[in-house]
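Heads up, the thing below is written out as structure tokens.
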Amino acid sequence: MRVDVVTLFPEIVTVPMGASIMGRAQEKGALELHVHDLREHGLGKHRHVDDTPYGGGQGMVIRPEPMWAALEAVDRPQARVILMSPAGKPFTQASAHRLAAEEHLIFISGHYEGIDQRVIDHWVDEEISLGDYVLTNGAIAAVVVMDAIVRLLPGVLGDDMSAVEESFGENGLLEAPQYTKPAEFAGLKVPEVLLGGNHAKIAAWRHEQALERTRQVRPDLLLTDPPDAAATRRHV
């Protein structure tokens, strides 16, 4: 997969995306990442990229010319262009799976009070939000979304089943509790069922634990339908 990111702060993208699993994904060739500094397309001697909003209001808005030029500079015949914005649709695990099937993604990371709407109308295929809150920089949100997508690509995780047997996986539930050695620590014991070697009983226990955790922490996952709650409701 190729991913391009247009941002005013390239280091916010390159540093976390160069570490750990994301870094190894690039080494393996699963991810081809290109980060573009919007200021390289800024206007005038001082590379201005923003201006005051028409109609008045607080803050600054990213001008159309620099962003337009930056996007034109990216080879994008089959790319899906995504704007990270608090006005977008909420990002979910189902969104990650859908976008992981794309060959080329371009992320626009906003800043200040937003981006001139003409850029959005002409270039953007979808707007994505991480939740009902506002960040200082869209590059942070873009990194989160990229991480969720790239880890789903074949060969990125050590065990591809890790992307299936987890919270918001195929059954739509939160993941069951996990334990490792020692079997007893600080007077606290690992549940006996996990030590017995009966895989059917272990699977049933994990499902019940996942269902109970979902009921307590995220009951909304059991009550809503699209995009992936229908499968969950069949287990209630």
Side-chain angles (χ1 to χ4, degrees), residues 2-19 22 33-76 79-96 98-100 102 104-150 168 217-218 220-221 224 226-227:
R2 172 170 172 159
V3 176
D4 289 83
V5 184
V6 179
T7 175
L8 276 168
F9 301 95
E11 66 278 8
I12 292 180
V13 178
T14 55
V15 173
M17 291 300 291
M22 295 299 106
L33 178 64
H34 300 268
V35 183
H36 308 272
D37 187 348
L38 178 62
R39 203 163 296 277
E40 291 183 359
H41 300 277
L43 306 176
K45 179 173 133 181
H46 298 291
R47 300 289 188 181
H48 288 301
V49 298
D50 60 342
D51 213 323
T52 55
Y54 277 125
Q58 300 298 315
M60 305 290 280
V61 176
I62 293 179
R63 295 177 59 120
E65 308 99 303
M67 188 63 74
W68 207 285
L71 291 168
E72 283 186 331
V74 178
D75 183 18
R76 58 175 296 275
R80 185 161 189 82
V81 181
I82 298 168
L83 172 64
M84 300 307 305
S85 166
K89 292 183 179 179
F91 184 68
T92 65
Q93 189 68 10
S95 307
R98 172 175 59 80
L99 293 172
E102 298 283 344
H104 186 186
L105 299 173
I106 299 175
F107 286 90
I108 300 174
S109 58
H111 193 52
Y112 309 123
E113 289 301 309
I115 296 172
D116 188 288
Q117 184 64 36
R118 289 167 290 187
V119 173
I120 300 172
D121 293 341
H122 183 83
W123 289 94
V124 173
D125 294 307
E126 64 178 294
E127 297 182 55
I128 289 179
S129 169
L130 291 187
D132 296 338
Y133 53 88
V134 179
L135 298 172
T136 57
N137 192 290
I140 300 170
V143 167
V144 172
V145 171
M146 285 189 288
D147 185 285
I149 293 169
V150 172
F168 315 110
V217 180
R218 291 291 306 277
D220 56 297
L221 295 177
T224 56

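Please read all numbers here as calculations on a predicted model, not as lab measurements. Position 1 is the first residue of the sequence; numbering continues from there.
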Which side-chain N or O atoms in residues 40-50 pair as donor and acceptor under 3.5 Å with protein atoms at least two apart or in another chain?
residue : atom : partner : partner atom : Å
Arg47   : NH1  : Glu40   : O            : 3.1

Could you walk me through whether Leu99 and Ile128 pass the side-chain contact (heavy atoms from CB on, under 4.5 Å) check?
CA-CA 12 Å; Leu99 293 172; Ile128 289 179; 3.8 Å; yes
If you compare all heavy atoms of Arg63 against all heavy atoms of Asp116, which two are closest, and at what distance to 0.1 Å?
C-CB, 4.4 Å
Test item: His34 and Val3 side chains (from C-beta on) under 4.5 Å apart, heavy atoms
no
Identify the heavy atoms of His111 and Ile62 that sit nearest to each other, and give their distance.
N-CD1, 3.9 Å
Please list every donor-acceptor pair under 3.5 Å in which a side-chain atom of residues 6-17 meets a protein atom from a residue at least two apart or in another chain.
residue : atom : partner : partner atom : Å
Thr7    : OG1  : Phe9    : N            : 2.9
Thr7    : OG1  : Ser109  : OG           : 3.1
Thr14   : OG1  : Pro10   : O            : 3.2

Are the side chain of Asp125 and the backbone of Val81 linked by a donor-acceptor contact shorter than 3.5 Å?
yes
Tightest non-hydrogen contact, residues Trp68 and Arg118, listed as CZ3-O, 3.8 Å
Near Asp132 CG, under 6.0 Å, is it more than 12 heavy atoms from other residues, nucleotides or ligands?
no
Please assess Arg80 against Ile106 for the test side-chain contact (heavy atoms from CB on, under 4.5 Å), listing each intermediate value before the final yes or no.
CA-CA 6 Å; Arg80 185 161 189 82; Ile106 299 175; over 6 Å; no
Compare all side-chain heavy atoms of Val119 with those of Leu71 and state whether any distance is below 4.5 angstrom.
yes
Work out which heavy atom in Ser129 is nearest to a heavy atom in Ser85; give both atom names and the distance.
CB-O, 3.1 Å
Identify the heavy atoms of Val61 and Ile115 that sit nearest to each other, and give their distance.
CG1-C, 3.8 Å
Any Met84 side-chain heavy atom under 4.5 Å of Ile140 side chain
no
Side chain proximity check, Met146 to Met22, heavy atoms < 4.5 angstrom:
no
Nearest heavy-atom contact between Ala148 and Phe91 is CB-CE2, 3.7 Å
Assess whether a salt bridge exists between Arg39 and Asp37, defined as any Lys/Arg side-chain N lying under 4.0 Å from an Asp/Glu carboxylate O.
no
Roughly how far, to the nearest 0.5 Å, is the CG atom of Asn137 from the OH atom of Tyr112?
9.0 Å
